[in-house]
Novice: 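For reference, the structure I am asking about is given below.
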Amino acid sequence: MTDLAGRLARRLDIADRACAVGRAGENVELHTSIVLRRQYPLLPQAEPTRLAVVQHAALLRLSRAGQDVFLTIDADDPQTVAGALTVGRTLLPHGRSVWDLSDLASADPLDPMALADPAAVSTAARRQRVEALRVELADVLASLPSGQPMSMLRATLREDHAVTAFASCQRRSIGQVRTSFELRCVLAAAAAGPAQPVVVSAFAGRPERLNLAALLRAGGWRATAATVPGPAAGARPSNDRLLLTPLAAAQVLQAVTQVILSRPQPALAPRPVRLPLLDDPLAADGPRSARFDQEGIACSPVSLVDRAGRVGRLVSRGSSRGAEPAAVQPTDRLTGHAVRSDYQTVPEPTPSNVRLEPSGYWPAADLDGTVGYTVDTNLQHASSGNRLSLRIATATVRAGAVRQRQPSLRVAGSPYQVLAAVVGASEVCGYAQGPEFSTAGCWLLLDLSALDPADRDPADRDPADRDPTAAEAG
């Protein structure tokens with residue numbers, strides 16, 4: 001860990017020097033990070049790529065007398081920092097009005113190496129790990145059902161070390177190192193015609209925690225669905241139990257979370273759910289995990305929707321701007337979710353790693369049922385008011401192998417109705433990256449009969465076709 005610790009010390013020194021030039025009455029804060037990246041070709045086998053350094057621009061905050069401004073700078077250049085502060089002082093009278101809520105922040109201790117991987121700095125350990133992963137991929141591929149022959153065209157493992165530092169004139173500087181791995185595979189099903197490859201990927205904090213069986217099983221279904229016969233005219237799924245693969249589940253959770261956060265208050269009374277929806281910035285395998293946010297506030301998990309259907313809040317300085325101090329409730333502590341997106345000028349409350357609480361569900365190896373293997377990319381979701389509409393590509397699975405494509409199935413309703421339809425969820429199989437936050441991929445079992453009949457597309461599902469006594473898939 002010596003090299004990573006040294007790079008962290010340099011980031012902290014850069015941040016401390018930038019904040020040391022603040023004037024009396026000012027608070028200068030700097031959030032700066034770099035990413036150290038390696039990529040290992042697993043198939044075809046080749047030498048790993050060299051270490052690449054991805055420089056992230058630093059975010060400078062200048063505040064005084066209840067107003068602040070943010071500037072994106074190159075923190076490695078002291079002259080740039082001084083020039084940015086001059087510009088910031090000119091802009092400050094026109095900046096954002098904000099209350100200092102630092103006393104509402106969590107006081108949890110920060111371990112800078114809590115999310116780092118000690119084995120990743122040893123060349124011998126890296127080679128051993130890559131070879132073990134290559135062998136495991138071959139074994140899992142060979143263990144897929146005989147009715148689902150599959151080939152792997154390409155596989156790569158990407159290793160990232162994000163080194164981040166935060167400094168402030170008013171608080172001690174803090175830093176962290178986070179390690180994450182992404183496995184990306186290109187699969188193709190054996191078919192008489194030309195192969196139609198599909199790309200599957202998943203993130204984890206350690207390669208050994210990637211669920212290869214779930215990744216290749218679901219990817220194999222998706223690749224096979226492109227080669228098997230399509231549905232007969234007017235065909236519909238035979239029951240109201242729909243099993244979502246980890247990829248499809250991550251896509252559904254992404255859409256559900258986006259609508260909940262953009263319109264957090266349900267139009268009707270809260271609807272109880274079996275499995276709470278959580279955001280966990282401390283998840284060991286989450287690609288967006290962090291010990292602190294861009295305001296230097298310690299991150300903490302938040303329940304986005306609890307079992308009673310109540311909606312939680314992600315709180316940052318930006319979420320409380322313009323409010324009187326008395327309007328800030330004791331439960332509205334800063335949660336450590338302030339993130340500045342590429343299209344924003346200031347950090348705003350943003351989720352990190354969204355997942356459902358697992359129920360212990362796992363589909364049988366010889367599964368018979370209907371599976372949803374991806375959300376149509378051309379129509380991932382459409383939302384109106386407090387509602388969303390998802391069109392999911394489905395297929396029939398017999399004895400664990402895809403036998404026939406089914407019609408795309410429209411799942412519509414409020415995000416709370418969709419969550420209430422979840423009757424089973426496995427442990428996290430890996431995370432999928434979204435534009436702003438990641439969502440957990442898991443095996444997800446939906447009871448579509450729990451949705452309001454008015455929210456279903458009659459062209460996709462007829463009430464007369466429902467079998468309320470159908471057993472759970474798997």
Side-chain angles (χ1 to χ4, degrees), residues 1-7 35-54 113-146 148-163 177-190 195 197-223 245-247 283-287 289 365 426-433 438 440-441:
M1 302 292 286
T2 306
D3 182 57
L4 293 177
R7 289 182 180 271
V35 176
L36 314 177
R37 175 169 296 168
R38 285 187 178 92
Q39 184 162 293
Y40 305 92
L42 303 175
L43 183 73
Q45 189 169 346
E47 289 299 316
T49 60
R50 293 184 177 181
L51 177 68
V53 179
V54 182
M113 295 297 181
L115 299 175
D117 179 14
V121 297
S122 166
T123 301
R126 285 200 301 265
R127 288 176 178 171
Q128 185 178 12
R129 169 182 275 170
V130 168
E131 185 57 35
L133 184 60
R134 185 180 289 120
V135 171
E136 187 179 0
L137 276 172
D139 291 344
V140 172
L141 195 64
S143 69
L144 292 176
S146 57
Q148 189 173 307
M150 192 70 47
S151 62
M152 186 177 298
L153 307 180
R154 187 178 299 109
T156 57
L157 178 69
R158 194 183 77 188
E159 171 188 309
D160 283 352
H161 302 278
V163 182
V177 177
R178 174 182 55 80
T179 303
S180 66
F181 293 84
E182 181 192 19
L183 176 64
R184 181 175 291 264
C185 302
V186 181
L187 304 175
V198 300
V199 178
V200 295
S201 67
F203 285 83
R206 306 286 187 274
E208 52 270 22
R209 293 207 294 260
L210 286 162
N211 193 315
L212 302 186
L215 181 68
L216 297 187
R217 183 185 186 189
W221 285 350
R222 184 177 164 202
T245 65
L247 169 64
D285 294 316
S289 293
S426 73
E427 295 287 343
V428 176
C429 300
Y431 282 84
Q433 278 273 35
S438 72

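Predicted, not measured: the structure shown is a model, and the values here were computed from it. Only heavy atoms go into these numbers, but all of them, side chains included; no hydrogens, no water, no symmetry mates. FYI, the numbering just counts along the sequence from 1.
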Novice: Can any side-chain N or O of R134 pair as donor or acceptor with the backbone N or O of L42 at less than 3.5 Å?
Specialist: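 Checking the backbone N and O of L42 against the side chain of R134, a donor-acceptor pair under 3.5 Å is found.
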Novice: Once rounded to the nearest 0.5 Å, what's the spacing between atom CD of E208 and atom CG of D117?
Specialist: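 One gets 7.0 Å once the value is rounded to the nearest 0.5 Å.
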Novice: Under the side-chain contact (heavy atoms from CB on, under 4.5 Å) criterion, do L36 and R7 qualify, and how do the steps go?
Specialist: CA-CA 10 Å; L36 314 177; R7 289 182 180 271; 3.1 Å; yes
Novice: Given side-chain contact (heavy atoms from CB on, under 4.5 Å), test M152 with V186 step by step and report yes or no.
Specialist: CA-CA 6 Å; M152 186 177 298; V186 181; over 6 Å; no
Novice: Main chain of L187, side chain of R222: is a donor-acceptor contact present, judged purely on distance under 3.5 Å?
Specialist: no
Novice: To the nearest 0.5 angstrom, please state how far the CG atom of D285 sits from the CG atom of L210.
Specialist: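 Reported to 0.5 Å precision, the distance equals 7.5 Å.
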Novice: Donor-acceptor pair, T179 side chain versus H161 backbone, under 3.5 Å?
Specialist: no
Novice: To check you understand the geometry: which heavy-atom pair defines the closest contact between L133 and L183, and what is its length?
Specialist: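 Reported closest heavy-atom pair: CD2-CD1, 4.3 Å.
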Novice: For the residue pair R129 and F181, establish whether any side-chain heavy-atom pair is separated by less than 4.5 Å.
Specialist: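 Side-chain contact under 4.5 Å: yes.
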Novice: Near Q128 CD, under 6.0 Å, is it more than 12 heavy atoms from other residues, nucleotides or ligands?
Specialist: no
Novice: Closest heavy-atom contact between A213 and V140?
Specialist: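 Minimum heavy-atom contact is CA-CG1, 3.7 Å.
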Novice: Which atoms form the tightest heavy-atom contact between P246 and A218, and what is the distance?
Specialist: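 So the two residues come closest at CD-CB, 3.9 Å.
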Novice: Quick check: closest heavy atoms across M150 and A188, and the distance to 0.1 Å?
Specialist: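 In this case the closest contact between M150 and A188 is SD-O, 3.2 Å.
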Novice: Restricting to non-hydrogen atoms, name the atom on P287 and the atom on Q433 that form the minimum distance, rounded to 0.1 Å.
Specialist: CB-NE2, 3.7 Å
Novice: Is the backbone N or O of F203 less than 3.5 Å from a side-chain atom of R209, with the two atoms forming a donor-acceptor pair by type?
Specialist: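 No; judged by distance alone, with no hydrogens or angles, the pair does not exist.
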Novice: Just to verify, which of L43, V198, V200 counts as forming a side-chain contact (heavy atoms from CB on, under 4.5 Å) with C185?
Specialist: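 Going through the options one by one, the only one that passes is V200.
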Novice: For L157 and Q39, what are the C-alpha separation, side-chain angles and deciding distance, and is it a side-chain contact (heavy atoms from CB on, under 4.5 Å)?
Specialist: CA-CA 6 Å; L157 178 69; Q39 184 162 293; over 6 Å; no
Novice: Ignoring hydrogens, what is the shortest heavy-atom contact between C429 and A214? Give both atom names and the distance.
Specialist: SG-CB, 3.7 Å
Novice: Sequence neighbours left out, what passes salt bridge (Lys or Arg N to Asp or Glu O under 4.0 Å) with R37? Give chain and number order.
Specialist: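 D160.
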Novice: At what distance, to the nearest 0.5 angstrom, does OG of S201 lie from OH of Y431?
Specialist: 15.0 Å
Novice: Could you grab the distance from atom CG of L247 to atom CG of L215, nearest 0.5 Å is fine?
Specialist: 9.5 Å
Novice: I need the N211 CG to E427 CD distance, nearest 0.5 Å.
Specialist: 10.5 Å
Novice: Look up atom OG in S180 and atom CZ in R206, then write down how far apart they are to the nearest 0.5 Å.
Specialist: 10.0 Å
Novice: Verify, without hydrogens or angle tests, whether S289 (side chain) and A283 (backbone) share a donor-acceptor contact under 3.5 angstrom.
Specialist: yes
Novice: Going by the side chain to side chain donor-acceptor pair (under 3.5 Å) test, name the single residue among R126, R127, R158 that passes it with Y40.
Specialist: R126
